[in-house]
Amino acid sequence: MSGQFVARCDSDRNLIQYTLDGFFGPDDLGTIQAERRAAHDQLHCGPNQHVTLCDVRGCKIQSQAVLAMFRTIVGEESGRARRLAFVTGESLARTQVRRIRDADPQRIGVFETSELAERWLLAEPDVPLAA
């Protein structure tokens, strides 16, 4: 894997945090899914009741194959978060992340900082999505 993928679980807040850095290839899917499953195994909430923060500020522009792979991961029913926030900062990957968000704009948010993303993720469900 030429990119770095780190998954962490904060089971007290039902929060999964991913950090992606660099450039990924299609062969990285297995490693990413294994780390994702390991983080999800630490959750104490019911299925699909957690929230996920995905920090992609260090990501490079990804290939179309990798974007399709990420869309598949985000859309998987098993492990699907109640809310998913991407932290992009001013990275070039921001445009690519917005395309992923377009698949489910009520559940997926795009933010410039981790603080804004966490505030939205952990807010009551009726709090509107910040763009």
Side-chain angles (χ1 to χ4, degrees):
M1 184 175 340
S2 57
Q4 290 186 323
F5 178 85
V6 177
R8 290 179 298 282
C9 177
D10 179 343
S11 58
D12 292 336
R13 298 190 299 164
N14 297 319
L15 171 67
I16 298 287
Q17 295 176 297
Y18 302 124
T19 304
L20 290 87
D21 189 10
F23 187 79
F24 296 88
D27 295 339
D28 297 328
L29 177 62
T31 302
I32 289 171
Q33 286 181 315
E35 288 192 37
R36 180 178 185 233
R37 275 190 296 276
H40 283 244
D41 288 345
Q42 298 174 42
L43 288 168
H44 299 300
C45 61
N48 310 106
Q49 296 304 304
H50 67 284
V51 293
T52 299
L53 188 149
C54 188
D55 187 336
V56 297
R57 287 178 285 193
C59 265
K60 308 292 184 216
I61 295 293
Q62 304 295 317
S63 70
Q64 290 303 311
V66 169
L67 281 181
M69 173 185 76
F70 287 139
R71 275 193 289 274
T72 299
I73 291 171
V74 166
E76 285 178 350
E77 192 57 38
S78 69
R80 183 181 174 105
R82 178 172 53 85
R83 282 188 175 166
L84 169 61
F86 284 95
V87 178
T88 61
E90 295 296 322
S91 73
L92 294 174
R94 185 176 182 88
T95 301
Q96 290 187 321
V97 167
R98 286 196 179 274
R99 289 186 196 131
I100 293 172
R101 177 185 173 221
D102 289 346
D104 195 349
Q106 297 305 310
R107 187 180 68 89
I108 301 172
V110 180
F111 301 88
E112 289 187 17
T113 69
S114 295
E115 294 78 19
L116 289 172
E118 277 193 43
R119 191 175 316 145
W120 176 73
L121 284 170
L122 301 172
E124 293 300 315
D126 61 348
V127 173
L129 174 68

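Both backbone and side-chain heavy atoms feed into the values below; hydrogens, waters and symmetry mates do not. From a predicted model like this one, the values you see are computed outputs, not experimental measurements.
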What heavy-atom pair brings Phe5 and Glu35 nearest, and what distance separates the two atoms? O-OE1, 3.0 Å

Side chains of Arg8 and Thr19: is there a donor and an acceptor less than 3.5 Å apart? yes

To the nearest 0.5 Å, atom CD1 of Ile32 lies from atom CE of Met69 at 4.5 Å

Can you check whether Val51's main-chain N or O pairs, donor with acceptor, with Arg83's side chain at less than 3.5 Å? no

Check: Gln62 side chain, Gly25 main-chain N or O, donor-acceptor pair, under 3.5 Å: no

Separation of Phe86 CZ from Arg57 CZ (nearest 0.5 Å): 13.5 Å

By salt bridge (Lys or Arg N to Asp or Glu O under 4.0 Å), Arg13 pairs with (sequence neighbours left out) Asp10, Glu118

Taking all non-hydrogen atoms of both residues, which atom of Leu67 and which atom of Ile100 are closest, and how far apart? CD2-CD1, 4.3 Å

Distance (rounded to the nearest 0.5 Å) between Thr88 OG1 and Arg98 CZ: 7.0 Å

Give me the one residue out of Leu15, Ile16, Asp41 that meets side-chain contact (heavy atoms from CB on, under 4.5 Å) with Cys9. Ile16

When you measure from the side chain of His50 to the backbone N and O of Gly79, does any donor-acceptor pair fall under 3.5 Å? yes

Closest non-hydrogen atom pair between Phe23 and Lys60, with its separation: N-CG, 4.1 Å

Side chain to side chain contact (heavy atoms under 4.5 Å, CB included) partners of Asn48, counting only residues at least two apart: Glu77, Arg80

Rounded distance [0.5 Å steps], NE2 in His44 versus OG in Ser11: 3.5 Å

Taking every non-hydrogen atom, the tightest pair across Gly58 and Asp21: O-OD1, 2.8 Å

Rounded distance (nearest 0.5 Å) linking atom CG of Leu84 with atom CZ of Arg107: 5.5 Å

Atom pair CD/CG of Gln17 and Leu121 - distance to nearest 0.5 Å: 9.5 Å

Using 30° and 60° as the class boundaries, would you call the ring planes of Phe111 and Trp120 parallel, tilted or perpendicular? tilted

Nearest heavy-atom approach of Ser114 to Leu53 is O-CD1, 4.0 Å

Considering residues at least two apart in sequence or located in another chain, which fulfil the side chain to side chain donor-acceptor pair (under 3.5 Å) criterion with Glu112? none

